[in-house]
Amino acid sequence: MQTVGHYINGKLVPGSARRLGDVYNPATGKVIRQVSFAETTDANSAINAANEVFPAWRDTSLAKRTQIIFAFREILNARKEELAAIITEEHGKTLADALGEVTRGLEVVEFATGLAGNLKGSYSEQVSTGIDVYSIKQPLGVVGIISPFNFPAMVPMWFFPVAIAAGNTVVLKPSEKDPSAAIWIAERLTEAGLPDGVFNVLQGDKLAVDELLTNPLVKAISFVGSTPIARYVYQTGTAAGKRVQALGGAKNHMLVLPDADLDLVADSAINAGFGSAGERCMAISVVVAVEPIADDLISKISQRMAGLVVGDGRLACDMGPLITREHRDKVASYIDLAETDGAEVVVDGRSVAVEGDSNGFWLGPTLIDNVPTSSKIYRDEIFGPVLSVVRVKSFSEGVELINAADFGNGTAIFTNDGGAARRFQNEIQVGMIGINVPIPVPVSYYSFGGFKSSLFGDTKAHGMQGFHFYTQEKTITSRWLDPSHGGINLGFPQN
Ligand code: NAD
C-alpha cells in the first residue's frame with residue numbers, strides 16, 4: 001500500500017516512517033493509503049531545509065518572487081480538477097465543493113502576486129533638518145503552518161502564498177486524515193520555479209506540531225483547528241517566543257427577523273448548514289428565529305431537506321460522508337443527546353438512505369427544534385450536518401444569545417430592515433458577519449478570523465493582516481553629513 005511521505009528540500013522523502021497512520025476514503029470506509037508520521041529527526045530535516053534557504057529567498061527580488069507565485073497560479077488554475085479529486089477522495093466532500101475550496105485558495109494566491117504593493121514601506125523626508133525617516137518590511141524566517149482536515153488545500157493556501165510572498169520559508173504540517181493535497185501543492189510549487197526548501201511538507205501528529213512550536217529556528221506559527229488545540233498551540237508557541245495566530249473552532253448563528261424572505265432564508269440555511277456535511281468552520285449551526293416565524297421556517301427547511309441526496313462525493317449528490325467513523329458516531333451521539341435534553345428532532349439523519357457504499361461514514365442532514373441553550377448540543381461545536389433551531393422573542397434577545405456564546409467566528413442576520421442590520425453589525429461580538437449572506441468568508445484581500453475562542457492571537461489570515469503577520473518592520477532614521485551640520489548639542493534637535 002502506498003505511503004504518503006514528507007516533502008523536504010524539493011523532494012518527496014519517506015521519512016523514518018516508524019509510525020504510520022491510515023488514510024481512508026470516507027465514502028467507502030476503506031483504507032486507501034497510509035501516511036508517515038514524522039519523528040523529531042524528520043521535523044528537524046524540514047525545519048533545517050527551510051532555515052538554510054531562507055537568506056537566499058529573503059534576498060530574492062520582489063519581481064522574481066512575483067513571477068514564481070504567478071507561475072504557480074497558472075499551474076493551479078489549469079490543473080485544479082486534479083487537486084479537487086484528491087480532496088474528494090480523502091475528505092469525502094463533493095467534487096463541486098472541493099473545486100470551490102481550491103478556487104477560494106486560488107484567490108489568495110492571486111492576492112499574493114500583488115506582493116510588491118503590500119510590502120512597501122514609508123518615507124518621511126526632512127523630519128528634522130537634513131534627517132529622513134523611513135520604514136521597511138522584512139520577513140521573519142521559517143514559518144510553521146498547521147492545518148485541519150476540513151480544508152486540506154484552502155486553509156494552507158490562506159497562509160503560505162502570503163508567507164512566501166513576504167520572503168519567508170515554510171514548513172506545512174497538514175492533517176494526517178487527508179495528507180495528499182499538501183504534497184500535490186508542493187510538487188506544483190517546485191514546477192513553478194520555487195527554490196528547493198522554501199516550501200516543505202511534514203506529515204504527522206502532535207510530535208511534529210510540538211517540534212514546530214518549540215524549535216528556535218521557527219519564528220512564527222499559523223494554526224487552524226479545534227479550540228482546545230488552538231489554545232495549546234498559542235500558549236506553547238508564544239511561551240517559546242514565537243509569533244502565533246491560532247484559529248479555533250466555531251458555532252455560527254443565523255438570526256432571522258420576522259420581516260425576512262423565508263424562502264431565501266430556508267435556502268441559505270440548507271446551503272450553510274449542510275454543505276460539506278457541516279464540516280466547515282463557517283457553517284451555520286444554529287438558526288435563531290425571532291417569533292412568530294419559527295414554525296413556518298422549519299416547515300420550509302424540512303421540505304428542502306427531503307430533496308437532499310447524500311452520497312459518494314465523486315458521483316452526483318449534494319452531501320458526502322463525515323471524515324471518520326469515530327467522528328460520525330460522535331455527531332450521531334449529539335442527536336441522541338438532543339432527545340434526552342428535551343429538544344425535538346424534526347428531521348433525523350441517523351438512518352439516511354445513501355447513494356454509495358454502505359461502509360461509508362454516513363450521517364444525513366438533521367434538523368432539531370427547541371434546542372435548550374443549556375444543552376451541550378447547543379454549546380459544543382458538533383462539526384456535522386446538524387442544524388439546531390432556537391426560538392427567541394426579539395432582536396435584542398437574539399443578539400444577547402449570540403454574544404453570550406464562547407465562539408465568535410461567523411454569524412449572519414436575515415432581514416430587509418437596514419436599520420436592524422446596521423445595529424446588528426455594530427453590536428454583535430463576532431469576527432465575520434453576513435447580512436443576508438449565510439457564509440460570510442471574506443475575500444482574499446480582506447482578512448479571515450473570528451473573536452473569542454475562535455482566534456487566539458491578534459492577527460487574522462490573509463489580506464493586509466496576513467502581510468502584517470509575516471513581516472517585521474524596521475524604522476530607519478538617516479542623516480547624511482553635509483557642511484551645515486556639526487557643533488556640539490546634547491539636547492534633542494529642535495528644528
Ligand atoms: P484538530 O484540532 O483535531 O487538528 C488540527 C491540526 O492539529 C491537525 O494538523 C492535527 O494533526 C493537529 N493536532 C491534533 N491534535 C493535536 C495535539 N494534541 N497536539 C498538537 N497538534 C494536534 O482539528 P480538525 O479536526 O483537523 O479540524 C476541525 C476543526 O478545525 C474544527 O474545530 C473547525 O472549527 C476548525 N477550523 C477552524 C477554522 C477557522 O478558520 N477558525 C477553519 C477550519 C477549521
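Just so you know, ligand 1 is whichever comes first in the structure, and atom 1 is the first atom listed for that ligand.
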For residues [X] and [Y], establish whether the separation of their ring centroids is below 6.0 Å.
{"X": "Phe456", "Y": "Phe223", "result": "no"}
{"X": "Phe467", "Y": "Phe111", "result": "yes"}
{"X": "His253", "Y": "Tyr378", "result": "yes"}

Heavy-atom nearest pair, Ala182 first then Val201, reads O-CG2, 3.7 Å
Smallest heavy-atom separation, Pro365 atom then Val347 atom, equals O-CG1, 3.7 Å
Using distance alone, decide if ligand 1 has a nitrogen or oxygen within less than 3.5 Å of any nitrogen or oxygen in [X].
{"X": "Lys206", "result": "no"}
{"X": "Asp205", "result": "no"}
{"X": "Gly248", "result": "yes"}
{"X": "Phe149", "result": "yes"}

Looking at Gly225, Pro148, Ser147, the heavy atom closest to atom 8 (C) of ligand 1 belongs to Ser147
Quick one: nearest non-hydrogen protein atom to [atom], plus distance?
{"atom": "atom 40 (O) of ligand 1", "answer": "Phe448 CE2, 3.0 Å"}
{"atom": "atom 16 (C) of ligand 1", "answer": "Ile229 CD1, 3.6 Å"}
{"atom": "atom 3 (O) of ligand 1", "answer": "Ser226 OG, 4.1 Å"}
{"atom": "atom 7 (O) of ligand 1", "answer": "Phe223 CE1, 3.4 Å"}
{"atom": "atom 21 (N) of ligand 1", "answer": "Val209 CG2, 3.4 Å"}

Atoms in ligand 1 with a heavy atom of [X] nearer than 4.0 Å:
{"X": "Asn409", "answer": "41 (N)"}
{"X": "Val224", "answer": "5 (C), 36 (N), 37 (C), 38 (C), 39 (C), 42 (C), 43 (C), 44 (C)"}
{"X": "Asn150", "answer": "43 (C), 44 (C)"}
{"X": "Ile146", "answer": "6 (C), 7 (O), 9 (O)"}
{"X": "Glu176", "answer": "10 (C), 11 (O)"}
{"X": "Gly249", "answer": "32 (O), 34 (O)"}
{"X": "Glu381", "answer": "31 (C), 32 (O), 33 (C), 34 (O)"}
{"X": "Cys281", "answer": "34 (O), 36 (N), 37 (C), 38 (C), 39 (C), 40 (O), 42 (C), 43 (C), 44 (C)"}

Geometric class of the His462/Trp158 ring pair [parallel <30°, tilted 30-60°, perpendicular >60°]: perpendicular
Taking NZ, NE, NH1 and NH2 as the nitrogens, is one of them in [X] or [Y] under 4.0 Å from a carboxylate oxygen of the other?
{"X": "Glu89", "Y": "Arg33", "answer": "yes"}
{"X": "Asp267", "Y": "Arg304", "answer": "yes"}
{"X": "Asp205", "Y": "Arg19", "answer": "yes"}

Review point. If you measure only the distance, is there a donor-acceptor pair under 3.5 Å linking the side chains of Ser16 and Asp42?
Key: yes
Subject >> Pair Lys206-Tyr232, side-chain donor/acceptor within less than 3.5 Å >> reply: yes
Quiz item: Is Trp158 in contact with ligand 1, taking contact as a heavy-atom separation below 4.0 Å?
Solution: yes
Non-hydrogen atoms of Gly450 versus ligand 1: any pair closer than 4.0 Å? no
Between Ser276 and the options Asp97, Thr94, Asn150, the side-chain hydrogen bond (donor to acceptor under 3.5 Å, both in side chains) test singles out Asp97
Take atom 27 (O) of ligand 1 and look for protein heavy atoms under 4.0 Å from it; say yes if you find one, no if not.
yes
Pair His91-Phe149, ring pair (Phe, Tyr, Trp, His ring centres under 6.0 Å): steps then yes or no:
CA-CA 7 Å; His91 176 282; Phe149 80 82; 5.7 Å; yes
